[in-house]
Amino acid sequence: MLRGFPPVVAADTHTLILGSFPGEASLAATQYYAHPRNQFWRLLGAVLGEAALHELAYDARLERVLKHGIGIWDVLAACHREGSLDSAIRNAKPNDFDALREHAPLLRKVCFNGKTAGRFADVIGAAGYDTLVLPSSSPANATRSYDQKLLCWREILS
(Lines give C-alpha, C1' and ligand atoms only; values in the text may rest on other atoms or scores of the structure.)
Protein backbone atom coordinates (compact mmCIF):
# COMPACT_ATOMS: atom_id res chain seq x y z
CA MET A 1 0.00 0.00 0.00
CA LEU A 2 1.42 3.38 -1.03
CA ARG A 3 0.92 6.30 1.37
CA GLY A 4 0.48 9.94 0.35
CA PHE A 5 1.66 13.13 2.01
CA PRO A 6 0.20 15.29 4.77
CA PRO A 7 -1.69 18.42 3.74
CA VAL A 8 0.18 21.65 3.11
CA VAL A 9 -2.17 24.09 4.87
CA ALA A 10 -2.09 26.91 7.37
CA ALA A 11 -4.70 28.48 9.64
CA ASP A 12 -5.39 31.14 6.96
CA THR A 13 -5.67 28.75 3.99
CA HIS A 14 -8.81 29.69 2.05
CA THR A 15 -8.32 27.60 -1.09
CA LEU A 16 -7.11 24.01 -1.39
CA ILE A 17 -5.87 22.29 -4.54
CA LEU A 18 -6.38 18.54 -4.46
CA GLY A 19 -4.64 16.06 -6.70
CA SER A 20 -5.57 12.40 -6.83
CA PHE A 21 -2.42 10.75 -5.42
CA PRO A 22 1.33 11.45 -5.81
CA GLY A 23 3.03 9.88 -8.82
CA GLU A 24 6.20 7.80 -8.66
CA ALA A 25 8.53 10.81 -9.02
CA SER A 26 6.71 12.67 -6.25
CA LEU A 27 6.74 9.67 -3.92
CA ALA A 28 10.47 9.16 -4.54
CA ALA A 29 11.24 12.85 -3.89
CA THR A 30 8.68 13.16 -1.06
CA GLN A 31 7.39 16.29 -2.78
CA TYR A 32 4.09 17.23 -4.36
CA TYR A 33 4.30 17.44 -8.17
CA ALA A 34 7.98 16.49 -8.44
CA HIS A 35 7.86 15.16 -12.01
CA PRO A 36 9.82 17.71 -14.10
CA ARG A 37 7.19 17.69 -16.88
CA ASN A 38 4.23 18.22 -14.56
CA GLN A 39 2.99 21.78 -15.11
CA PHE A 40 1.53 22.27 -11.61
CA TRP A 41 4.16 24.69 -10.28
CA ARG A 42 4.29 26.71 -13.51
CA LEU A 43 0.50 26.98 -13.68
CA LEU A 44 0.11 27.92 -10.03
CA GLY A 45 2.99 30.40 -10.25
CA ALA A 46 1.32 32.13 -13.21
CA VAL A 47 -2.02 32.27 -11.37
CA LEU A 48 -0.41 33.74 -8.24
CA GLY A 49 1.79 36.24 -10.09
CA GLU A 50 4.87 34.26 -9.00
CA ALA A 51 6.30 33.38 -12.42
CA ALA A 52 9.51 31.90 -10.96
CA LEU A 53 7.69 29.69 -8.44
CA HIS A 54 8.74 26.49 -10.24
CA GLU A 55 12.41 27.55 -10.02
CA LEU A 56 12.43 27.88 -6.22
CA ALA A 57 13.52 25.17 -3.82
CA TYR A 58 10.58 22.98 -2.80
CA ASP A 59 10.25 24.38 0.74
CA ALA A 60 10.31 27.94 -0.62
CA ARG A 61 7.56 27.03 -3.11
CA LEU A 62 5.36 25.74 -0.32
CA GLU A 63 6.02 28.86 1.74
CA ARG A 64 5.04 31.15 -1.16
CA VAL A 65 1.88 29.21 -1.92
CA LEU A 66 0.81 29.28 1.73
CA LYS A 67 1.38 33.07 1.84
CA HIS A 68 -1.28 33.34 -0.86
CA GLY A 69 -3.74 31.33 1.24
CA ILE A 70 -3.47 28.27 -1.02
CA GLY A 71 -3.06 24.73 0.30
CA ILE A 72 -2.10 21.48 -1.41
CA TRP A 73 -3.23 17.93 -0.69
CA ASP A 74 -4.64 14.84 -2.38
CA VAL A 75 -8.04 13.21 -2.26
CA LEU A 76 -6.44 9.85 -1.46
CA ALA A 77 -4.39 8.99 1.63
CA ALA A 78 -3.30 5.58 0.37
CA CYS A 79 -3.77 3.15 -2.51
CA HIS A 80 -2.23 0.36 -4.52
CA ARG A 81 -0.85 1.44 -7.88
CA GLU A 82 1.81 0.36 -10.34
CA GLY A 83 3.26 3.32 -12.20
CA SER A 84 1.86 6.83 -11.94
CA LEU A 85 -1.37 6.73 -13.92
CA ASP A 86 -4.59 7.47 -12.04
CA SER A 87 -6.27 4.70 -14.02
CA ALA A 88 -4.00 2.18 -12.23
CA ILE A 89 -5.18 3.18 -8.73
CA ARG A 90 -6.71 0.31 -6.75
CA ASN A 91 -7.95 -0.10 -3.15
CA ALA A 92 -8.10 3.66 -2.64
CA LYS A 93 -8.43 5.10 0.86
CA PRO A 94 -9.63 8.75 0.98
CA ASN A 95 -8.06 11.43 3.15
CA ASP A 96 -9.89 12.68 6.25
CA PHE A 97 -11.40 16.00 5.15
CA ASP A 98 -13.37 16.44 8.35
CA ALA A 99 -10.09 16.59 10.32
CA LEU A 100 -8.76 19.17 7.85
CA ARG A 101 -11.31 21.74 9.10
CA GLU A 102 -9.39 21.97 12.38
CA HIS A 103 -6.16 22.93 10.56
CA ALA A 104 -7.73 25.19 7.92
CA PRO A 105 -10.85 26.77 9.47
CA LEU A 106 -11.02 29.50 6.78
CA LEU A 107 -11.09 26.99 3.90
CA ARG A 108 -13.89 27.91 1.51
CA LYS A 109 -12.86 26.66 -1.94
CA VAL A 110 -11.54 23.29 -3.05
CA CYS A 111 -10.06 22.90 -6.53
CA PHE A 112 -9.39 19.51 -8.09
CA ASN A 113 -6.34 18.94 -10.28
CA GLY A 114 -7.85 16.71 -12.93
CA LYS A 115 -10.91 14.55 -13.48
CA THR A 116 -9.87 11.69 -11.19
CA ALA A 117 -9.58 14.02 -8.20
CA GLY A 118 -12.68 15.82 -9.48
CA ARG A 119 -14.80 12.73 -8.85
CA PHE A 120 -14.89 13.90 -5.23
CA ALA A 121 -16.23 17.38 -6.09
CA ASP A 122 -19.85 16.51 -5.26
CA VAL A 123 -18.94 15.07 -1.86
CA ILE A 124 -16.73 18.05 -0.98
CA GLY A 125 -19.36 20.47 -2.31
CA ALA A 126 -22.02 18.82 -0.14
CA ALA A 127 -19.78 19.54 2.86
CA GLY A 128 -20.22 23.27 2.16
CA TYR A 129 -17.20 24.13 0.01
CA ASP A 130 -17.14 25.86 -3.36
CA THR A 131 -15.56 23.47 -5.86
CA LEU A 132 -13.74 23.78 -9.17
CA VAL A 133 -12.47 20.91 -11.35
CA LEU A 134 -9.34 21.96 -13.26
CA PRO A 135 -7.65 20.32 -16.23
CA SER A 136 -4.88 18.06 -14.95
CA SER A 137 -1.38 19.50 -14.78
CA SER A 138 0.02 16.01 -15.45
CA PRO A 139 2.22 15.40 -18.49
CA ALA A 140 -0.19 12.56 -19.30
CA ASN A 141 -2.88 15.20 -20.02
CA ALA A 142 -1.88 16.32 -23.50
CA THR A 143 -5.41 17.16 -24.67
CA ARG A 144 -4.95 20.83 -23.74
CA SER A 145 -2.01 23.16 -24.22
CA TYR A 146 -0.40 24.97 -21.30
CA ASP A 147 -2.20 28.18 -22.27
CA GLN A 148 -5.57 26.41 -22.44
CA LYS A 149 -4.97 24.91 -18.99
CA LEU A 150 -3.89 28.30 -17.61
CA LEU A 151 -7.18 29.91 -18.68
CA CYS A 152 -9.03 27.42 -16.48
CA TRP A 153 -6.50 27.55 -13.64
CA ARG A 154 -6.94 31.35 -13.38
CA GLU A 155 -10.42 30.61 -11.97
CA ILE A 156 -8.74 29.42 -8.75
CA LEU A 157 -8.66 33.01 -7.49
CA SER A 158 -12.16 33.99 -8.64
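- Residues Val110 and Asp130 have side chains not in contact (no heavy-atom distance under 4.5 Å, counting atoms from C-beta outward).
- Every pair passing side chain to side chain donor-acceptor pair (under 3.5 Å) that includes a residue from residues 13-29 is listed here, sequence neighbours excluded: Ser20-Asp86.
- Once rounded to the nearest 0.5 Å, the distance linking CG of Leu62 with CG of Leu66 reads 6.5 Å.
- A donor-acceptor pair under 3.5 Å is absent between the side-chain atoms of Lys149 and the main chain of Gln39, judged by distance alone.
- Every residue meeting the ring pair (Phe, Tyr, Trp, His ring centres under 6.0 Å) condition with Tyr32, not counting sequence neighbours, appears here in chain and number order: Phe5.
- Leu106 is not connected to Leu157 by any chain of hydrophobic side-chain contacts under 4.5 Å among Ile, Leu, Val, Met, Phe, Trp and Tyr, and they are in different clusters.
- Evaluation of the ring-ring contact (aromatic ring centres under 6.0 Å, His included) test over residues 43-68, restricted to residues two or more places apart or in two chains, returns none.
- Nearest heavy atoms, Phe21 versus Leu27: CE2-CD1, 4.1 Å.
- Residue Lys109 comes nearest to Ser158 through the heavy atom pair NZ-O, 3.0 Å, listed as atom of the first residue, atom of the second, then distance.
- Between Cys111 and Ile156, the shortest heavy-atom contact is SG-CG1, 4.0 Å.
- From Leu48, atom CG reaches atom CG of Leu43 across 10.5 Å, with rounding to the nearest 0.5 Å.
- If you chain together hydrophobic residues whose side chains sit under 4.5 Å apart, Leu151 and Val47 never meet in one group.
- Considering every non-hydrogen atom in both Gly71 and Val9, the closest pair reads CA-CG1, 4.3 Å.
- Residues forming a salt bridge (charged side-chain N to carboxylate O under 4.0 Å, His left out) with Arg64 (at least two apart in sequence, or on another chain): Glu50.
- Distance OG/Ser136 to NZ/Lys115: 10.0 Å, rounded to 0.5 Å.
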Identify every side-chain donor-acceptor pair in residues 88-95 under 3.5 Å, counting partners at least two apart or on other chains, and give the distances.
residue: Arg90; atom: NH1; partner: Ser87; partner atom: O; Å: 3.0
residue: Asn91; atom: ND2; partner: His80; partner atom: ND1; Å: 2.9
residue: Asn95; atom: ND2; partner: Asp74; partner atom: O; Å: 2.6
residue: Asn95; atom: ND2; partner: Leu76; partner atom: O; Å: 3.2

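- Put simply, the side chain of Arg42 does not reach to within 4.5 Å of the side chain of Ser137, judged on heavy atoms.
- Of the candidates Leu44, Val65, Leu132, Leu44 is the only one forming a side-chain contact (heavy atoms from CB on, under 4.5 Å) with Ile17.
- What you find for Val133 and Gly114 is that their closest heavy atoms are CG1-O, 3.8 Å.
- Here the CD-CH2 distance, from Gln148 to Trp153, works out to 15.0 Å after rounding to the nearest 0.5 Å.
- Among residues at least two apart or in separate chains, ring-ring contact (aromatic ring centres under 6.0 Å, His included) pairs with a member in residues 89-147 are Trp73-Phe97.
- Counting all heavy atoms, side chain and backbone alike, Leu16 lies closest to Ile72 at CD1-N, 3.6 Å.
- Under the 3.5 Å distance criterion, the side-chain polar atoms of Asn113 are left unmatched by any main-chain donor or acceptor of Phe40.
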